[in-house]
Amino acid sequence: MSMAIPMGFHALPLPLAQLSLAAVLKCGQSFRWSILPLPTSELPVADGSVPAHEYRLCLRDRVVCLRQSRDALFYRSVFPASVPEESLETKEAETLAWIRDYFQLDIDLAELYRQWSLADPVFHRLQDRFEGIRMLRQDPFENLISFICSSNNNIARITKMVKSLCQHYSPPLLSLPLPSGSTLPEETYHPFPPPSALAPPEVSAKLRSLGFGYRADFIQRTAAMLVGAHGVSRHPKTLMEPSEEWLITLRNMATPEARAELLKFVGVGRKVADCVLLMSLDKREVIPVDTHVHQIAIKHYGLKSASKTANMNPKLYDEVSTKLASVWGDYAGWAHSVLFTSDLKSFASYRIASTPASPSLTPDRPSSSSPASTPSISTPTSETPTTTTKRKRALSAEKPPARTARLVEIADSLPELAIAESTYSLAERVKRRRRGAPSSQPLSPAA
DNA sequence: ACGTTACCCGTG
DNA sequence: ACGGGTAACG
């Protein structure tokens with residue numbers, strides 16, 4: 001009866017409010033996760049819930065497998081047979097480090113949600129239905145190529161194209177059986193191809209034949225530019241090519257300079273550049289503006305739609321971006337991702353409520369974006385600006401008591417992230433919590 | 001300078 | 001026609 005942790009998995013305490021794999025891994029940030037249904041016969045885990053899916057991603061040297069329950073993330077990695085048994089333990093520790101980095105677990109998402117809710121009534125109404133939507137910290141090269149594919153395209157096809165890239169331009173790393181009784185016995189996993197694999201001139205025609213359309217040339221030429229500028233010799237330790245390493249150094253660059261570098265590539269305009277800045281280069285304030293975001297800004301944030309519903313141009317792009325940034329503050333790009341996800345067709349059952357259904361949620365100001373009324377939410381540890389006091393009071397009045405309790409629990413469990421890994425049971429976890437790790441400094445997003 | 005247009009290819 | 005756009009024109 002079995003409060004079991006699935007075989008071979010390690011548990012990491014993590015509330016759903018901090019991360020929802022189901023939402024984050026298919027909301028159009030990364031296009032490369034396998035999402036595999038688990039049989040319903042699967043046993044409940046420690047907290048009593050039953051994970052419905054297993055998520056898998058192929059990295060350079062391993063496949064990471066994840067499952068999630070109400071208050072834990074389960075992970076394990078699978079290595080090629082060539083990896084010696086005795087090094088497996090060390091490598092599993094690397095996977096934990098990778099998870100922390102990739103999901104940016106040092107950033108307290110629940111605290112960000114609180115801040116956005118205070119500053120933005122629209123967000124406040126959404127927050128409960130869209131818990132745990134955070135920004136991934138992706139590999140810049142993969143991110144860049146993926147979003148070159150995204151132009152004038154949809155998530156389903158982008159996913160197919162990315163998969164095709166991996167299958168055709170990167171050797172298989174390993175194969176794994178599917179977790180459930182599917183028709184297929186197993187799936188073969190390929191890492192994302194390195195720049196040198198996509199750079200040869202003949203790649204362009206091949207990609208066209210694979211259905212990439214006009215993006216085929218963009219991909220090949222961008223890869224060729226990277227290889228031409230930085231070479232191809234792989235770093236023995238990181239398994240990265242020099243141009244991949246160089247892309248990572250853009251993280252240390254200011255946003256405008258990093259953006260300028262990205263705009264040099266073919267197939268990379270403002271929107272794609274901003275996606276890469278936000279999703280893999282740590283530029284958390286950047287808001288990529290597409291047609292969806294534009295519509296959201298008009299419908300819910302009083303952006304003047306006077307300037308024709310027509311084509312997006314640089315001026316309009318900046319207007320939308322500036323407007324939304326003024327509402328959401330330092331982590332505006334992260335907030336944007338929550339709104340964007342809530343507006344996706346695949347999340348249609350949770351669409352943003354339109355004005356008539358909830359009149360009180362519509363910003364009462366027409367479009368006057370008085371800078372004074374847009375509090376900075378730079379760091380959640382900072383004081384709530386006095387200008388929001390009125391709204392805050394109104395909100396707390398609506399707030400059911402249960403919610404407060406839940407928030408406390410969440411905050412309380414966060415410090416455990418700093419502890420570890422080991423596979424321990426619910427009983428043990430409760431003990432730890434009672435022992436009261438004084439939740440001292442709430443983890444600061446600014447850190 | 002800014003506003004238009006063509007571009008691959010799958011869907012509704 | 002339109003999709004999470006971009007490059008190449010007038």
Side-chain angles (χ1 to χ4, degrees), chain A residues 23-32 130 133 135-136 138 142-165 168 203-225 259-280 283 286-301 303 306-321 323-324 332-348 351-352:
Chain A
V24 169
L25 299 187
K26 58 179 180 192
C27 72
Q29 291 189 53
S30 170
F31 302 94
R32 212 160 59 83
F130 293 93
I133 297 175
M135 197 52 56
L136 302 175
Q138 300 186 64
E142 172 178 341
N143 195 216
L144 176 63
I145 300 299
S146 298
F147 277 85
I148 286 176
C149 292
S150 79
S151 75
N152 220 321
N153 209 346
N154 55 66
I155 291 182
R157 182 152 83 117
I158 299 165
T159 303
K160 279 181 197 156
M161 290 162 72
V162 169
K163 183 169 191 175
S164 181
L165 273 184
H168 289 271
V203 167
S204 175
K206 173 74 171 173
L207 288 180
R208 244 173 210 280
S209 76
L210 290 172
F212 280 67
Y214 58 82
R215 303 165 198 83
D217 301 273
F218 294 158
I219 292 168
Q220 181 270 323
R221 289 169 63 196
T222 290
M225 287 170 72
R259 179 183 288 126
E261 289 298 327
L262 294 173
L263 289 173
K264 291 176 184 171
F265 298 108
V266 268
V268 179
R270 176 70 189 267
K271 157 65 168 58
V272 170
D274 280 359
C275 284
V276 176
L277 289 171
L278 174 66
M279 300 181 188
S280 61
K283 309 306 185 229
V286 170
I287 299 175
V289 178
D290 57 34
T291 49
H292 285 243
V293 174
H294 184 202
Q295 292 310 311
I296 290 174
I298 291 173
K299 188 171 180 182
H300 300 283
Y301 296 92
L303 188 94
S307 52
K308 300 171 187 173
T309 59
N311 300 314
M312 178 65 52
N313 58 55
K315 181 169 156 51
L316 180 54
Y317 190 110
D318 274 329
E319 284 174 11
V320 175
S321 187
K323 172 65 188 171
L324 295 179
W334 287 47
H336 136 278
S337 183
V338 180
L339 270 285
F340 179 83
T341 301
S342 76
D343 199 48
L344 277 180
K345 284 195 215 110
S346 51
F347 292 78
R351 285 317 199 74
I352 300 180

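Just so it is clear, the structure is predicted and the values come from calculations on it, not from any experiment. In the text below, chain A, chain B and the rest are named by the order of the sequence lines, each starting its count at 1. No hydrogens, no waters, no symmetry mates; every other heavy atom, side chains included, goes into these values.
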- A/H168, A/K160, A/M161 screened by side chain to side chain contact (heavy atoms under 4.5 Å, CB included) with A/L210, the one that passes: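 That would be A/H168; it is the only one of A/H168, A/K160, A/M161 passing the side chain to side chain contact (heavy atoms under 4.5 Å, CB included) with A/L210.
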
- Assigned partner base of C/dG3, Watson-Crick or wobble definition, under 3.5 Å: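 B/dC9 - that is the nucleotide pairing with C/dG3, both distances being under 3.5 Å.
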
For [X] and [N], give me the distance from atom [atom1] to atom [atom2], rounded to whole Å.
X	N	atom1	atom2	result
A/I158	C/dG3	CD1	C1'	9 Å
A/Q295	C/dG5	CD	P	12 Å
A/L210	B/dC9	CG	P	11 Å
A/D217	B/dC9	CG	C1'	15 Å

- Task: On DNA chain B, check which nucleotide each of A/K160 and A/R157 is closest to and give me the residue with the more 5' one.
- Result: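 Taking each residue's closest nucleotide, the earlier one in sequence belongs to A/R157.
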
Is [X] touching bases, backbone alone, or none of the nucleic acid, heavy atoms closer than 4.0 Å?
X	result
A/V293	nothing
A/F265	sugar-phosphate
A/G267	sugar-phosphate
A/C149	nothing

- Message: Any salt bridge linking A/E319 with A/K315? Criterion: basic side-chain nitrogen under 4.0 Å from a carboxylate oxygen.
- Response: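 The answer is yes: the pair qualifies as a salt bridge.
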
- Message: What I want to find out is whether A/D318 reaches A/K323 closely enough, with some N-O distance under 4.0 Å, to be called a salt bridge.
- Response: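 So A/D318 does not pair with A/K323 through a salt bridge.
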
Can you check the distance between [N] and [M], where both ends of the measurement are the [atom1] atom (answer in whole Å)?
N	M	atom1	value
B/dG10	C/dA7	P	23 Å
C/dG4	B/dT4	P	23 Å
B/dT11	C/dT6	P	23 Å
B/dT5	C/dA1	P	15 Å

- Would you say the side chain of A/K271 and the base of C/dG4 hold a donor-acceptor pair, judged only by whether the two atoms sit under 3.5 Å apart?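 Between C/dG4 and A/K271, which were checked side chain against base, a qualifying N/O pair under 3.5 Å is present.
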
- Report yes if a donor N or O on one partner sits less than 3.5 Å from an acceptor N or O on the other, where the partners are the side chain of A/Y317 and the base of C/dG5; otherwise report no.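 No such pair is found, so the answer is no.
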
- Item | Verdict with reasoning, A/R208 to A/D217, per salt bridge (Lys or Arg N to Asp or Glu O under 4.0 Å) | CA-CA 8 Å; A/R208 244 173 210 280; A/D217 301 273; 3.1 Å; yes

- Message: Taking only side-chain N and O atoms of A/N313, does any of them lie within less than 4.0 angstrom of OP1 or OP2 on B/dG3?
- Response: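 Answer yes for this pair, as a side-chain N or O of A/N313 is under 4.0 Å from OP1 or OP2.
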
- Mind checking whether A/F130 and A/F340 have ring centres under 6.0 Å apart?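 No; A/F340 has its ring centre 6.0 Å or more from that of A/F130.
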
- Item | First of A/H336 and A/V268 reached from the 5' end of DNA chain C, by closest nucleotide |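 Its nucleotide being nearer the 5' end, the pick is A/H336.
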
